[in-house]
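Notes follow the structure.
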Amino acid sequence: MSNKEITDVTSISDVIILAGGFGERLWPASSPAFPKQFLSIKNGISFLQTSILRALAVKPTGKILIITREDIQNVVAQHCETLKKQVSAEQQKKMQEDLYILAEPCARHTCAPLVLACKLLHLFDKNEHTMLVLTSDHIIEPEANFVADCYKAAEVAKQGNFVCFAIPPTEPATGYGYIKHGENIHTDGSVFKIAQFKEKPDADTAKQYLASGQYSWNSGMFAFMDTFFLNEIQTYESTIADSFKNFENASAPDCTLINGTKCISQWQPMVESYKTVKAIAVDNAIAERTQKAAAVKASFTWDDVGCWDAFEKHYTSENDKIVSVKSKNNFVYSDIPVALCGVEDIIVVIKDGKALVMKKGSSGSMRELVTEIKNVKL
């Protein structure tokens with residue numbers, strides 16, 4: 001790619017919001033039936049709703065697709081309908097006309113739904129699509145910086161690249177994947193070729209990454225052209241391409257309205273494809289293998305809020321049902337009154353008749369805990 005200037009006015013045709021998830025890391029407030037994207041962390045707005053607001057902010061010329069699980073599509077639709085009452089008339093019209101919920105028949109990780117999105121969007125519009133892929137449960141601020149970075153990513157994508165968003169690391173985190181910086185491909189140094197993707201490191205390796213200044217966190221958001229992406233799928237994961245061959249003769253699906261939002265589920269071509277399609281993350285399928293991986297250095301702050309320790313940092317709502325005596329530095333997230341006496345540095349979460357009491361800094365053990373909970377069938 002040339003080192004030419006990148007404009008910040010490149011249009012984005014479509015936004016994909018990945019909203020599956022099984023809600024393990026924020027148990028018991030989140031669960032498979034009510035994953036993290038449905039939680040609210042400030043102002044009563046859910047993670048999913050803030051993601052939709054970001055999608056609206058980039059002003060896509062085409063569709064906004066929320067890809068989720070069939071068993072939670074009604075909850076997604078309810079969050080969409082609630083948000084419509086809080087946005088501008090222009091945004092409300094966009095949601096009414098161009099926002100769709102696409103309900104997968106079963107979970108197949110993140111690669112299959114993106115191929116599905118490309119196939120569906122092509123049925124709506126035969127032209128090439130500039131696609132932006134967003135998460136549904138992260139905190140990103142400020143919005144203006146995010147929008148500018150998305151336009152930059154779209155321009156890089158149009159030059160034939162699979163584009164990631166590189167988050168400047170603020171600590172030697174072991175819970176994130178890392179991106180190693182390669183050659184700068186923009187005059188201001190804000191875009192670079194990706195030299196290598198690194199899996200979640202151990203603590204010592206994470207410290208080395210941070211000290212070197214050559215690594216960023218991988219945000220899990222992407223931009224690409226649909227034709228480029230499908231060609232890469234054919235090159236690196238041909239069996240996935242084979243699973244979607246039935247779309248060559250497919251017609252655009254019928255939609256049903258759920259809480260006023262257009263929903264697509266039990267669509268026969270999708271159901272047939274998902275019977276055989278491989279379950280693999282897009283990171284492993286394409287990002288780590290393509291020869292055309294690039295990254296935009298994020299000018300926004302980002303947190304995936306993947307644990308209760310992170311959740312506490314951002315939570316701003318007041319809870320007047322907490323009594324604390326001779327206790328300090330505790331965090332309580334509960335739908336019933338809680339009294340603390342003589343304790344410090346703990347997290348207490350009580351939701352839906354289940355309770356979590358955890359020492360701060362122990363979030364890394366949550367997956368193990370949830371596995372144990374499944375075994376005893378709480």
Side-chain angles (χ1 to χ4, degrees), residues 11-20 48 51-52 55-56 58 60-74 76-77 80 94-136 154 157 162 221-234 237 239-258 260-282 285-286:
S11 64
I12 293 163
S13 53
D14 306 278
V15 180
I16 315 302
I17 301 175
L18 297 176
L48 175 61
S51 186
I52 296 170
L56 292 167
V58 303
T61 58
K63 310 298 185 188
I64 299 173
L65 294 183
I66 303 174
I67 304 182
T68 190
R69 307 195 324 264
E70 193 172 293
D71 59 322
I72 59 173
Q73 66 175 330
N74 287 8
V76 173
C80 292
K94 183 66 176 177
M95 291 181 69
Q96 201 73 33
E97 295 179 353
D98 290 325
L99 187 145
Y100 291 76
I101 297 170
L102 182 56
E104 297 176 282
C106 56
R108 287 291 184 262
H109 223 311
T110 55
C111 190
L114 294 184
V115 176
L116 175 64
C118 291
K119 297 292 186 179
L120 174 61
L121 291 170
H122 187 70
L123 293 177
F124 283 135
D125 181 352
K126 302 298 183 184
N127 293 315
E128 197 172 28
H129 296 258
T130 310
M131 297 174 61
L132 176 67
V133 180
L134 305 183
T135 54
S136 60
F162 185 89
M221 298 182 292
F222 312 103
F224 50 78
M225 303 302 294
D226 62 334
T227 49
F228 168 83
F229 182 72
L230 291 177
N231 286 336
E232 295 294 275
I233 290 292
Q234 185 65 60
E237 288 289 347
T239 61
I240 293 179
D242 290 343
S243 291
F244 283 91
K245 278 188 175 179
N246 61 321
F247 275 78
E248 293 174 3
N249 300 313
S251 300
D254 294 326
C255 299
T256 57
L257 284 180
I258 300 178
T261 298
K262 298 174 185 175
C263 296
I264 301 168
S265 62
Q266 290 299 312
W267 179 29
Q268 194 57 33
M270 172 179 67
V271 171
E272 288 298 318
S273 294
Y274 267 60
K275 287 178 180 178
T276 61
V277 73
K278 180 179 180 180
I280 185 173
V282 69
I286 301 300

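Numbering starts at 1 and runs along the sequence shown.
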* **T227 side chain to E128 side chain, donor-acceptor N/O pair below 3.5 angstrom** => yes
* Any side-chain heavy-atom pair of P60 and K94 under 4.5 Å -> yes
* Using atom types as modelled and distance alone, determine if a side-chain donor or acceptor of H129 lies under 3.5 Å from a backbone N or O of N127. => yes
* Asked: Ion pair present between K278 and E237, side-chain N to carboxylate O less than 4.0 angstrom?
  -> yes
* Any ion pair linking E272 and K275 (charged N to carboxylate O, less than 4.0 Å)? -> yes
* To do: Go through I16 and L121 one step at a time and tell me if the side chain to side chain contact (heavy atoms under 4.5 Å, CB included) criterion holds.
  => CA-CA 10 Å; I16 315 302; L121 291 170; 4.1 Å; yes
* Asked: Once you round to the nearest 0.5 Å, how far does CG of D226 lie from CG of D125?
  -> 9.0 Å
* Asked: Would you say the side chain of M270 lies within less than 4.5 Å of the side chain of L102, judging by non-hydrogen atoms?
  -> yes
* Side-chain donor-acceptor pair under 3.5 Å between T130 and D14, yes or no? -> no
* Atom CD1 in I240, atom CZ in R108: separation rounded to 0.5 Å? -> 11.0 Å
* Steps toward side chain to side chain contact (heavy atoms under 4.5 Å, CB included) verdict (L18, T135) -> CA-CA 5 Å; L18 297 176; T135 54; over 6 Å; no
* So does D98 pair up with K63, basic N to acidic O under 4.0 Å? -> yes
* Check the pair F222 / F162 against ring-ring contact (aromatic ring centres under 6.0 Å, His included), numbers first and verdict last. => CA-CA 7 Å; F222 312 103; F162 185 89; 5.1 Å; yes
* To do: Calculate, to the nearest 0.5 Å, the distance between atoms CD1 and CD1 belonging to I264 and I258 respectively.
  => 11.0 Å
* Given side chains that start at C-beta, do those of C80 and I52 come closer than 4.5 Å, heavy atoms only? -> yes
* Measure up the F247 and W267 rings against each other and bin them: parallel (under 30°), tilted (30 to 60°), perpendicular (over 60°). => perpendicular
* Asked: Are any of the side-chain heavy atoms of C263 and Y100 separated by less than 4.5 Å?
  -> no
* Is the shortest heavy-atom distance from the side chain of I233 to the side chain of C111 under 4.5 Å? -> yes
* Hey, what do you get for CG (L132) to CD1 (I12), rounding to the nearest 0.5 Å? -> 5.0 Å
* Asked: Just by distance, do the side chain of K262 and the backbone of E97 share a donor-acceptor pair under 3.5 Å?
  -> yes
* State the CD1-CG distance between I66 and L48, to the nearest 0.5 angstrom. => 5.0 Å
* Could you grab the distance from atom CD1 of I101 to atom CD1 of I72, nearest 0.5 Å is fine? => 10.0 Å
* Would a distance-only check, ignoring hydrogens and angles, find a side-chain to backbone donor-acceptor pair under 3.5 Å from T261 to L257? -> no
* Specify the closest pair of heavy atoms between A279 and H109, including all atoms of both residues, with the distance to one decimal. => C-CB, 4.2 Å
* Atom of M131, atom of C118 and distance for their closest heavy-atom approach -> SD-SG, 3.6 Å
* Does one side chain, of S51 or S136, offer a donor that lies under 3.5 Å from an acceptor on the other? -> no
* Asked: Between F244 and Y274, what is the ring plane arrangement, given parallel below 30°, perpendicular above 60°, and tilted in between?
  -> perpendicular
* Where do M221 and V133 land on the side chain to side chain contact (heavy atoms under 4.5 Å, CB included) test, with the steps shown first? -> CA-CA 5 Å; M221 298 182 292; V133 180; 5.9 Å; no
* Asked: Under 3.5 Å, side chain of K119 to main-chain N/O of A250, donor-acceptor pair present?
  -> no
* I67 and I17: CA distance, side-chain angles, deciding distance, side chain to side chain contact (heavy atoms under 4.5 Å, CB included) verdict -> CA-CA 6 Å; I67 304 182; I17 301 175; over 6 Å; no
* Asked: Do you know which two heavy atoms are closest between A154 and S11, and how far apart they sit?
  -> CB-O, 4.2 Å
